[in-house]
Amino acid sequence: MDWIIHLDTDELMHPVGTRGYSLTQLLSDVPENVDMVVFPSYESCVERDDINEPFTEVSMFKKNYEHLTKETYSQNYKESVRDNPGYFLTYSNGKSAARIQPHLRPNGAHRWYNYMKQPNEITFEEAAILHYTYAKFSDLTSRRDRCGCKPTIEGVTKCFFLDFDRAAFIIASSATEDEMLNWYRKHVVWMDKDLNKKLLKEGILTRIYAPMVIMQELKEYGVYSSLIESVQESLSKDTFMSSNEIINNSSRRIGTEESGISVRNDLQADNIDLVAIPPLPAPVIDYINS
């Protein structure tokens, strides 16, 4: 294992820039002195309110600020935001892949760090993470049902980093089904074909078909069903140790031959900002023009 990356279940890798659309090739070409690579995030732009399988039904995405010129971004900012709090509905700071090496640690879900040195990090100029955020109408209620915070300004501020997530939680907790659907169409669904055509021409939006085709083929050949079956078999009690056994074995190792590593990490922590990098919004116009 040479690299590690945190990927959510509503995300796909987009390793464009290699001949074979290969993530392995993309990472193998990274210079050896680079510790981490950032994949800027592209956000899905659904054109219907009845999407069932985003990976095989969505082809339009909004490009990340990192892959646009400042002029293009600023000139099209207002139209691309529509009536939402920011350029992206959710996070825009992408995800990073880290080269496996001693003292590596996660710095939230979006970045990595190293206890012993300042990592050398670069950003890919073409490759990206495709984030299928709120791609299904049911995402409104599913996110609401996973959180127990109160649907108030104060309550959602404690539970969510991003303004759109807060607004979505409140509407899903307080509105009727019809009101939620109308809100979803206004804030999430790209129904204005003329606007879509203009922003596609300007380069704000882009069509990406490769992941859709690949996922459709995998589904047709039964890869999904066979994978699910194999995972279910692997998770049987006879196959893996219980979580308690894993914890106990790890504790014994840390308490003996690996105790020095634990001490070094603790000592170094005093000199490192350990606050995890949260999901961050895209820069606003005032920032771009400053």
Side-chain angles (χ1 to χ4, degrees), residues 4-14 36-46 54-55 58 61-68 73 77 80-98 104-113 119 121-124 127-136 138-173 183-184 187-188 204-205 208 211 272-288:
I4 186 170
I5 185 170
H6 179 283
L7 199 68
D8 291 325
T9 55
D10 62 350
E11 297 171 335
L12 290 178
M13 303 299 299
H14 181 48
M36 301 173 194
V37 289
V38 175
F39 292 81
S41 50
Y42 283 21
E43 192 171 80
S44 63
C45 297
V46 298
F55 290 166
V58 178
F61 296 84
K62 187 184 289 186
K63 287 185 179 180
N64 194 284
Y65 162 75
E66 294 284 352
H67 286 177
L68 298 169
Y73 184 77
Y77 183 86
S80 61
V81 167
R82 303 190 296 171
D83 292 320
N84 292 312
Y87 178 73
F88 273 178
L89 299 182
T90 52
Y91 79 85
S92 69
N93 49 330
K95 295 291 183 69
S96 70
L104 181 70
R105 70 166 179 84
N107 191 20
H110 298 267
R111 293 293 185 272
W112 300 85
Y113 203 78
E121 182 180 89
I122 64 172
T123 299
F124 281 125
I129 289 283
L130 304 182
H131 186 200
Y132 297 77
T133 186
Y134 291 97
K136 297 186 293 183
S138 60
D139 288 342
L140 281 179
T141 52
S142 63
R143 292 186 182 219
R144 175 201 66 194
D145 295 342
R146 294 199 305 267
C147 181
C149 65
K150 296 181 179 180
T152 62
I153 298 298
E154 182 180 359
V156 295
T157 300
K158 295 178 180 179
C159 296
F160 300 99
F161 283 105
L162 302 171
D163 289 336
F164 186 85
D165 285 330
R166 296 168 181 170
F169 182 83
I170 290 176
I171 198 72
S173 302
W183 186 91
Y184 183 78
H187 293 274
V188 180
I204 294 291
L205 301 180
I208 299 177
I272 297 177
D273 182 5
L274 295 180
V275 178
I277 295 178
L280 299 174
V284 297
I285 290 297
D286 291 340
Y287 172 79
I288 294 296

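Values below: every heavy atom of this structure, side chains too, minus hydrogens, waters and symmetry copies.
- Counting all heavy atoms, side chain and backbone alike, Leu162 lies closest to Leu280 at CD2-C, 4.1 Å.
- Separating the CZ atom in Phe39 from the CD atom in Glu66 is a distance of 14.0 Å, to the nearest 0.5 Å.
- With Val188 as the fixed residue, the side chain to side chain contact (heavy atoms under 4.5 Å, CB included) test singles out one of Asp139, Leu140, Leu89: Leu89.
- Among all heavy-atom pairs drawn from Ala127 and Pro40, the shortest one is O-CD, 3.5 Å.
- The minimum heavy-atom distance linking Pro151 with Ser173 is given by the pair CB-CB, 3.5 Å.
- Listed for the Asn93 side chain is a donor-acceptor partner under 3.5 Å among the backbone atoms of Pro278.
- Side-chain rings of His67 and Tyr42 approach one another, their centers coming within less than 6.0 Å.
- Contact record, Ala282 with Tyr73: CB-OH, 3.4 Å, taken as the closest heavy-atom pair.
- Here the shortest heavy-atom pairing between Ser44 and Tyr132 reads OG-CA, 3.3 Å.
- Side-chain atoms of Asp8 never come within 3.5 Å of backbone atoms of Asp10 as a donor-acceptor pair (strictly under, hydrogens ignored).
- Using a distance-only test at 3.5 Å, with no hydrogens or angles considered, a donor-acceptor pair links the side chain of His110 to the main chain of Gly94.
- Put simply, CE on Met36 and CD1 on Ile122 are 12.0 Å apart, with the number rounded to the nearest 0.5 Å.
- Arg82 contributes a side-chain N or O that, together with a main-chain N or O of His187, makes up a donor-acceptor pair within less than 3.5 Å.
- The closest side-chain heavy-atom distance from Ile129 to Tyr91 is below 4.5 Å.
- Relative to the six-membered ring of Phe88, Lys62 misses at least one condition, a distance below 6.0 Å or an angle of at most 45° to the axis.
- When each of Tyr184, Phe169, Phe164, Trp183 is checked for a ring-ring contact (aromatic ring centres under 6.0 Å, His included) with Tyr134, only Phe164 meets the rule.
- Taking all atoms of both residues into account, the shortest heavy-atom contact from Cys45 to Phe61 is SG-C, 4.0 Å.
- Distance check, rounded to the nearest 0.5 Å: CD1 of Ile208 to NE2 of His14 gives 4.0 Å.
- Judged by distance alone, the side chain of Glu43 and the main-chain N or O of Thr90 form a donor-acceptor pair under 3.5 Å.
- Note that CD1 of Ile171 is 13.0 Å distant from OG1 of Thr141, once rounded to the nearest 0.5 Å.
- Distance check, rounded to the nearest 0.5 Å: CG of Leu12 to CG of Leu130 gives 6.0 Å.
- Val38 is not listed as a side-chain neighbour of Lys95, based on a closest heavy-atom distance of 4.5 Å or more.
- By the 4.5 Å heavy-atom criterion applied to side chains, Ile170 and Phe160 are not counted as neighbours.
- The side-chain heavy atoms of Phe55 and Pro211, taken from C-beta on, include no pair separated by under 4.5 Å.
- In this structure, the side chain of Trp112 engages the main chain of Ser96 through a donor-acceptor pair within 3.5 Å.
- In this structure, CD in Glu154 is found 10.5 Å from SG in Cys159, a value given to the nearest 0.5 Å.
- Here the side chain of Asn64 pairs a donor or acceptor atom with the backbone of Ser92 at under 3.5 angstrom.
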